[in-house]
Chemist: 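Take a look at the following structure, please.
The structure displayed is predicted, hence computed values, not measured ones. Order of appearance sets the numbers: ligands from 1, and atoms from 1 within every ligand. The first residue in the sequence is number 1, and the count goes up from there.
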Amino acid sequence: MVKKVLKFGGTSVGSIDRIKHVAEIIKKERQNENKIIVIVSAMSGKTNELLKMSTDISKEFNNRELDVLLSSGEQVTCALLTGALINLKLKARSWLNWQIPILTEGDHTNARIINTNVDRINEYLKNGVAVIPGFQGISKNGDITTIGRGGSDATAVAFAKLFNADTCEIYTDVDGIYSTDPNKIPVAKKIDKISYDEMLELSSLGAKVMQSSAVQTAMMYNVPLEVKSTFTDRKGTKIFDQSNIDYKKSVTGVAYSKDDAKITLIGVEDKPGIAANIFEPLNKAQINVDMVIQNISLDSKTTDVTFTIKRGDFIKTKKILNENNLIEYKKISHNNKVSKVSIVGAGMVSTPGVTYRMFRALADEKINILAISTSEIKLSVIINEENTLNAVKKLHTIFELD
Ligand code: ADP
Ligand code: ASP
Ligand code: MG
């Protein structure tokens, strides 16, 4: 007998037939008296549909009400799946966020799970399957909160940790983690096992197969993860501690995001405090600045500052810069059609020449690099969006991942 957390993503529960299929998977898992906690996402497309309804009412829809609205998607799946399990003669019940409760802290739409009441569910698991809505919780004021897009992954990891589960299995529409998105680059290869660090980089850099904060929590508490397919029986990908992995390749995967924007302030006065004056108001407005590049000034009086942000924050950022009277610059230039392409690999640490090979490969494709950022196990470049897939394909090939 083992205790398992099984998470089913949007596509996995995207229709009534698929929900019935998921119920069959859970029935098999219940054999051997396994204790099963199931975390479900909303049916695919549902969260976006609800989001669209809110923006149709107002572009500045109230965040508390948005959480009430968005959380409903997962609640629907929860009830449907539990009904399907009961139909298969299994003992099962849904537990909504306030019934357990799943406690969160932090802002609406961006909260995080901090605790839950394990006793009642543990008691229930002796005979029954607990079905829990992902992506949500309840604040100490009793308000419904959601925990960020893709957040059912984070619910699964939090539950695996809080319930001391033996495994946390993420069922999705691909059969594991690939060297890049297999739906976009068909020559992508499945990875049998990957370290938390590499997975965290891949997710934060655009591989949405796992939500990055879920990977971060798993890494922090050593929750072993497995990503596998709802639709095939093939073995999935195990995500765990780096010490268990033997690195044969310098690069493990290529990730990309297409929701970036780049802003350059030209002719900024070059004096101490200027960077703080530029970025402090952005931070206050919760705008996440990604890469920052400051050119060396030729005349020691002025410099150019380039930075990247999420495209969704572009208009807000421009407005804040316009209203900022602590900074002076000659001109502002921007490009909101850029993307970020990254190579990730723990093997990069011990392989010289990875940087040069990446830049040469992009140059061969006549792809201009607009900004660069590096860490020990990743190298990211900002390029024009139209070159994204071309760059990913090329890097995938030259780092022998095809
Ligand atoms: P779910 O709804 O199950 O949470 P997601 O849509 O969030 O599923 O994530 C699965 C998708 O992630 C896949 O369909 C695939 O297109 C995409 N993806 C991006 N990068 C990768 C990668 N490196 N490996 C596998 N899938 C990836
Ligand atoms: N339904 C939520 C979303 O689409 C959470 C999830 O699917 O993980 O972001
Ligand atoms: Mg997901």
Chemist: For ligand 2, is any non-hydrogen atom under 4.0 Å from Lys46's backbone (N, CA, C, O), its side chain (CB onward), both, or neither?
Modeler: neither
Chemist: Distances under 3.5 Å, N/O of ligand 1 against N/O of the protein: list each pair and its distance.
Modeler:
residue: ligand 1; atom: 2 (O); partner: Gly10; partner atom: N; Å: 3.0
residue: ligand 1; atom: 3 (O); partner: Thr172; partner atom: OG1; Å: 2.6
residue: ligand 1; atom: 4 (O); partner: Lys7; partner atom: NZ; Å: 3.1
residue: ligand 1; atom: 6 (O); partner: Lys208; partner atom: NZ; Å: 3.1
residue: ligand 1; atom: 7 (O); partner: Lys208; partner atom: O; Å: 3.4
residue: ligand 1; atom: 8 (O); partner: Thr172; partner atom: OG1; Å: 3.1
residue: ligand 1; atom: 14 (O); partner: Asp173; partner atom: OD1; Å: 2.9
residue: ligand 1; atom: 14 (O); partner: Asp173; partner atom: OD2; Å: 3.3
residue: ligand 1; atom: 14 (O); partner: Asn183; partner atom: ND2; Å: 3.0
residue: ligand 1; atom: 16 (O); partner: Asp181; partner atom: OD1; Å: 2.8
residue: ligand 1; atom: 16 (O); partner: Asp181; partner atom: OD2; Å: 3.2
residue: ligand 1; atom: 16 (O); partner: Asn183; partner atom: ND2; Å: 2.8
residue: ligand 1; atom: 23 (N); partner: Tyr178; partner atom: O; Å: 2.9
residue: ligand 1; atom: 24 (N); partner: Tyr178; partner atom: N; Å: 2.9

Chemist: Got a second to check how far Glu226's CD is from Lys193's NZ, nearest 0.5 Å?
Modeler: 12.5 Å
Chemist: Return the residue, atom name and 0.1 Å-rounded distance of the protein heavy atom closest to atom 7 (O) of ligand 2.
Modeler: Ser41 OG, 3.1 Å
Chemist: Please check if the side chain of Asn115 supplies one atom and the backbone of Leu103 the other of a donor-acceptor pair under 3.5 Å.
Modeler: no
Chemist: Compare all side-chain heavy atoms of Ile185 with those of Leu389 and state whether any distance is below 4.5 angstrom.
Modeler: yes
Chemist: Do Ile194 and Thr237 come close enough that some side-chain heavy atom pair is under 4.5 Å?
Modeler: yes
Chemist: Does atom CD of Glu400 have more than 12 heavy-atom neighbours, drawn from other residues, nucleotides or ligands, at distances under 6.0 Å?
Modeler: no
Chemist: Starting at CD1 of Ile132, measure out to CD of Gln99 and round the result to the nearest 0.5 Å.
Modeler: 10.5 Å
Chemist: ring-ring contact (aromatic ring centres under 6.0 Å, His included): which pairs involve residues 117-157, sequence neighbours left out?
Modeler: Trp95-Tyr124
Chemist: To which protein heavy atom is atom 4 (O) of ligand 2 closest, and what is the distance rounded to 0.1 Å?
Modeler: Arg149 NH2, 3.0 Å
Chemist: Does even one non-hydrogen atom of Gly150 get within less than 4.0 Å of ligand 2?
Modeler: yes
Chemist: Does the side chain of Thr308 reach to within under 4.5 Å of the side chain of Val338, using non-hydrogen atoms?
Modeler: no
Chemist: Closest by any non-hydrogen atom to atom 8 (O) of ligand 2: pick that one out of Gly148, Ser152, Pro133.
Modeler: Ser152
Chemist: Over all heavy atoms of both residues, which pair between Phe307 and Val289 is shortest? Give the atoms and the distance, please.
Modeler: CB-CG1, 3.9 Å
Chemist: For Gly134 and ligand 2, answer yes if some heavy atom of the residue is under 4.0 Å from a ligand atom, otherwise no.
Modeler: no
